[in-house]
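Quick note on labels: first sequence line is chain A, next is B, and so on, each numbered from 1.
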Amino acid sequence: MSKYHFNEIEAKWQEYWAKNQTFKAENLSDKPKYYVLDMFPYPSGAGLHVGHPLGYIASDVYARFKRHQGFNVLHPMGYDSFGLPAEQYAIQTGQHPAETTKVNIEGGVDKNGNEIEGYRKQLDRIGFSFDWSREVRTSNPEYYKWTQWIFLQLFDSWYDKDLDKARSIEELRIIFSSEGNVKINAVCDEGIERFIASEWIDFSETKKQEILLKYRLTYLAETEVNWCPQLGTVLANDEIVNGVSERGGYPVVRKKMKQWSMRITAYAQRLLDGLNEIDWPQPLKDSQTNWIGRSKGATVKFKVLPPTPTQAEAKLWGELRGKKLGYKFRQQHPIDNYIVDFVCLEKKLIIEVDGEVHQYQLEKDDERELLLKEKKGYKVIRFNNLDVLNNLQTVISKIEAILQVLPSGEDLGWDFPKDELDEKFSIEVFTTRPDTIFGVSFMVLAPEHDLVSKITTAEQKEAVENYVEATAKRSERERMADVKTISGVFTGAYAEHPFSGEKLPIWIGDYVLAGYGTGAVMSVPCGDQRDHDFAKHFNIPIPNIFKDVDISEEAYSGKENITITNSDFLNDLTYQQATEKITTALEEKGIGEGKINYRLRDAVFSRQRYWGEPFPIYYKDGMPHAIPTEYLPLRLPEVEKYLPTETGEPPLGRATKWHWDTKKCSVVSNQFADQENVFPLELNTMPGWAGSSWYFFRYMESEKRDEVFASKEALDYWQNVDLYIGGSEHATGHLLYSRFWVKFMHDRGLVPVEEPFKKLINQGMILGESAFAYKLVGLNANYPNFIHNTNIFVSKTLRNHIVHNKEWKNDDFLNIVKGNLKSRLIGQSIIDKIVGFTIIPLHVDVSLVDIHNELNIKTFRNSREEYKNAIFISENGIVIDNNNEKYIVGREVEKMSKSKYNVVNPDDICEQYGADTLRLYEMFLGPLEQAKPWNTAGITGVHGFLKKLWKLYHSGENESFYMSDTPPSGAGGLKTLHKTIKKVQEDIEEFSFNTSVSSFMIAVNELSAEKCNAREVLEPLAILISPYAPHIAEELWNKLGHSESVSTAPFPKFEEKYLVESSKEYPISFNGKMRFTLELPLDLSKDEIESAVMAHEKTAEYLEGRTPKKVIIVPGKIVNIVG
RNA sequence: GCUCGAGUGGCGGAAUUGGUAGACGCGCUGGAUUCAAAAUCCAGUGUUUUAGGACGUGCGGGUUCGAUUCCCGCCUCGAGUACCA
């Protein structure tokens, strides 16, 4: 009389597991280790829906299977508990995010005032074999202490390219004091000044810090960032989807800000190489490969030619040259970063001649003038073109007068050495096709390029500045949406082709990105479509350097089968040969070299938010300094509001106690700030990926969590994650950053491994099946956009008729509609204007719909006030007022979400069918990696299976437990068992969980048919099923007389002998078409099979008197008769 | 546009060193049981048909005795990416 009371059974075993710590992993064990990890969740207030646990169930099945196989399994769980939603909520209500986060995890009263259970209870109910003793929460100070600690390790490191690893800053200081930075080959900021040892020693500490910062693996720099004004923070590239923020969908603009960055680019190559070592899905590897974006090519430097003088300039030069005024003047001479029109170095006098000048240009000129005056001590005088052309004499007199007054100095010639000048006024480009260098007909700079303002000629100044300004204003999204418009402006300047000496016009255009390569390109219109488009649009010549290729319509970008021509010393070479030769030539000339370029950018690490890890950094003389690690964690301060300050500082700017006292080594009140011992702390916090980049190591440690992030013993034993399951949305975020941190930690000897996750599986999303009720609206003949709302809902079939414009000739229906409209809002005159109907589909809560897609009208009416008097028209076009007619909803597969009312809660499923049913059904739905719709109706199948399984063990009187100890009669039961063992083991090893659920069903169907009750069969079966349905397995195992948990019982061993068959049901085909089957012994030879088949009466029948041309026999498989 | 993945009954899906297409489950149909319902059990269920068969794994070709599986060309859907020089 014992039925399958799943609720009792499940509660009982969940309690047993918790009490006995059944799944606690040991750090000291003789067993081989196995580490199964799920991507940990952000504990949102919305709780779990059935899509969330899919991956956890899969990993749990695997973890349990591994325990049966004798492994010491680490299968932990925790929470990525810093993050935006809690903070957004805090901003709205003032509740501390720590509080709401805790409620979301542990339960309590949630933000809407409802009692909620929390994540943990929901997870527990599904029967996972997690070792909860190792739980982590990234927002706990005990945890983020170590996130801060790792940050400081990065701060204390630089990347040595020669050794190809990270080293400590201390070692860098030693190198600087012994040999300066001349020989250092490091990944660092661009344009670092050169110094020798003695200079280094003489630098002030602040200066030293400034220099070191340019080498640190995490550094502070003014960078162009993605600023999201609505969220009030910067976002990383991977946090932006389609030009808007991933969370919230707010617009993002480019902005220059001082930010912490991570020098992930140092690891670009190793991150790429490491992909070969790990067993990850190919699409995921591909997206990392694309994100890193390695391309091989060369750099080339193009010299910028001095501008040709304007008419006015030429005229004035005529009067100044050759010491005509008694002093030596120079034309178009570089001073500091600028080229001035004329200069007398001896008198430090600069003369500028301008065209028509605009207001904004004046401001820029003022800036430039100020710089030249203040920094270099020059006097600047200005004339406009008209002055020079019309009143030359007055101009000369003015100049002479000033020359008289100015003191004389020494003409030291060039303001700075010639090669440095070339350096400053040359354009460096990166190209993947150096072989096409003779096809260059122009250059294009990104509008943001530094050189733009320096080289633009007076005539082009206005156009260029307008363009630059317009580009800066365009949001990222606009720029992305509009890639077809070709735009650009000529700067008026020219570059010199390094080999042909040709003059190449220099343009600016927004198709050249400031952030990639050098922000400048050599344009080869015959070989690059974008250059081709640009050249065509602006009528720039398109020289052809490919032999016998037509480039009049489009560029030829192929590399194969080309012969270079019109290219001087590269003529008649292939791509391969030409690339090699030109690279050598560039290197010999000293104007370029072969180079590998990466698309990957350094990762911005600052967020202007409250709910994240504080940086353990204070500022002294504007330089960041680390808080000594022994004083970590640096705890988040209390603030009265979670918004940015009125002056635009991040929320931490509101903290009143947020200064670091270097004497007391503690956080003190801001009022003690003295710039001597007490300094302000960093106001930014770390991004979401900080805590998740190393948490897998934290789980390894159980005992010494206060002393270390993870002990050496633990790290050595557990190594890395053997199996990691999670969503593919983390491809270029978490999964890339984690790999970066692990490689770094490995370099610094902190962890023994180079890759965090050996095998990774992406689980597919579980989609919801939304239900729709169809609301009827009338269309007005006079106003096409005006619709007459009704409160009438039509059933699915009726809706299809209306939508597909099929006339629905049913008077009742029309009368109902018109009658309703009349009574509700409008008069007859308007009804007459209604020319047709259309439908608005409304999401209805899936819980109001039964498995036959029938809407529960009563509940629906009560669900909202506005539906109270709704009229429903049935499938047959009749108003529903009794139970005879049905209202059928429409169904559509969509993402599962609250707003679509299609969320299915796992708690409800557990309540109604049990956790084992939920687990089995989630696995049964389809392949783990694939997206698939959830359909609650189908769950009865697996639930019925569990009932059937239960019954198999309860064949005694009144359905009592019964087991026979006598061996099974006949081989049937054992054959079924071993077939199932083989299949299930193979399936689990291949992560094909859906098919093993099928084989369980087949097994139970077969055993039930046989009325099998043999212990020899049913005992192993209980173990077999325990990874999938652990509660029922424990219960049966217990009833079978075991006092220990089934969880470590050895997995049944497959034995071939039970599967050996003596005969085979051969399919007999004629010309490839199967006609009948014939059972034959398996030990027959080919000839014997043939004669047996040919002798069969049906064979003759199908041959219809023909003689077979050929008989194909594959023993054990098939017979095919041709002819 | 580029990269990757996928197209099989009414639905979720199974089967690939090429060998009986549609396992298993849902749904549907009929039956048993029941006063009735639920639950349970039994049978049937790709399409079509003149009941022998014919057709059938997105479409069109090809290789083969035999193709869902291999090759070539297309179509559709989904995911990622966005001027990367």
What does [X] touch in the nucleic acid at a heavy-atom separation under 4.0 angstrom: a base, only the sugar-phosphate, or nothing?
{"X": "A/Lys947", "value": "sugar-phosphate"}
{"X": "A/Asn1005", "value": "sugar-phosphate"}
{"X": "A/Ala931", "value": "sugar-phosphate"}
{"X": "A/Gln282", "value": "nothing"}

Toward the 5' end of RNA chain B, which comes first, A/Tyr1066 or A/Ser295, by nearest nucleotide?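 Its nucleotide being nearer the 5' end, the pick is A/Tyr1066.
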
Of A/Ser992 and A/Gly944, the one whose closest RNA chain B nucleotide lies more 5':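 Between the two, 5'-proximity favours A/Ser992.
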
What nucleotide, of [options], holds the atom closest to the side chain of [X]?
{"X": "A/Ile1002", "options": "B/rC24, B/rC65, B/rG13", "result": "B/rC24"}
{"X": "A/Met1074", "options": "B/rC65, B/rA21, B/rG19", "result": "B/rA21"}
{"X": "A/Trp291", "options": "B/rU81, B/rG19, B/rC84", "result": "B/rU81"}
{"X": "A/Met1001", "options": "B/rG25, B/rC65, B/rU20", "result": "B/rG25"}
{"X": "A/Ile1112", "options": "B/rC24, B/rG19, B/rA14", "result": "B/rG19"}
{"X": "A/Ser287", "options": "B/rG80, B/rC24, B/rA85", "result": "B/rG80"}
{"X": "A/Val1122", "options": "B/rC65, B/rU20, B/rU81", "result": "B/rC65"}
{"X": "A/Phe924", "options": "B/rC84, B/rG25, B/rU20", "result": "B/rG25"}
{"X": "A/Lys932", "options": "B/rC26, B/rU81, B/rG13", "result": "B/rG13"}
{"X": "A/Ala937", "options": "B/rU20, B/rA14, B/rC26", "result": "B/rC26"}

Side chains of [X] and [Y] only: does a donor on one sit below 3.5 Å from an acceptor on the other?
{"X": "A/Glu894", "Y": "A/Ser770", "value": "yes"}
{"X": "A/Asn1005", "Y": "A/Lys948", "value": "yes"}
{"X": "A/Thr265", "Y": "A/Tyr598", "value": "no"}

Taking all atoms of both residues into account, what is the closest heavy-atom pair of A/Pro1067 and A/Met1074, and its distance?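 Result for this residue pair: CB-CG, 3.7 Å.
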
Could you tell me which nucleotide pairs with [N] by Watson-Crick or G-U wobble geometry, both distances under 3.5 Å, or answer none if nothing does?
{"N": "B/rG9", "result": "none"}
{"N": "B/rC28", "result": "B/rG44"}
{"N": "B/rC84", "result": "none"}
{"N": "B/rG66", "result": "none"}
{"N": "B/rC4", "result": "B/rG78"}

What distance, rounded to whole Å, do you find between the two [atom1] atoms, one in [N] and one in [M]?
{"N": "B/rG18", "M": "B/rA67", "atom1": "P", "result": "13 Å"}
{"N": "B/rG56", "M": "B/rA21", "atom1": "P", "result": "13 Å"}
{"N": "B/rG44", "M": "B/rC35", "atom1": "P", "result": "28 Å"}

Are OP1 or OP2 of B/rA54 and a side-chain N or O of A/Arg1075 less than 4.0 angstrom apart?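 Result: yes.
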
Taking OP1 and OP2 of B/rU64, is either one under 4.0 Å from a side-chain nitrogen or oxygen of A/Asn1120?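 For B/rU64, neither OP1 nor OP2 has a side-chain N or O of A/Asn1120 closer than 4.0 Å.
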
Assigned glycosidic conformation for B/rG62 [threshold 90° from 0]: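 That one's anti.
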
A/Leu1007 and its side chain to side chain contact (heavy atoms under 4.5 Å, CB included) partner, picked from A/Ile1002, A/Leu1021, A/Leu949: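 Only one option passes, and that is A/Leu1021.
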
Tell me whether A/Lys975 is salt-bridged to A/Glu1061, with the criterion being a basic N under 4.0 Å from an acidic carboxylate O.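 Salt bridge between A/Lys975 and A/Glu1061, a charged N being under 4.0 Å from a carboxylate O: yes.
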
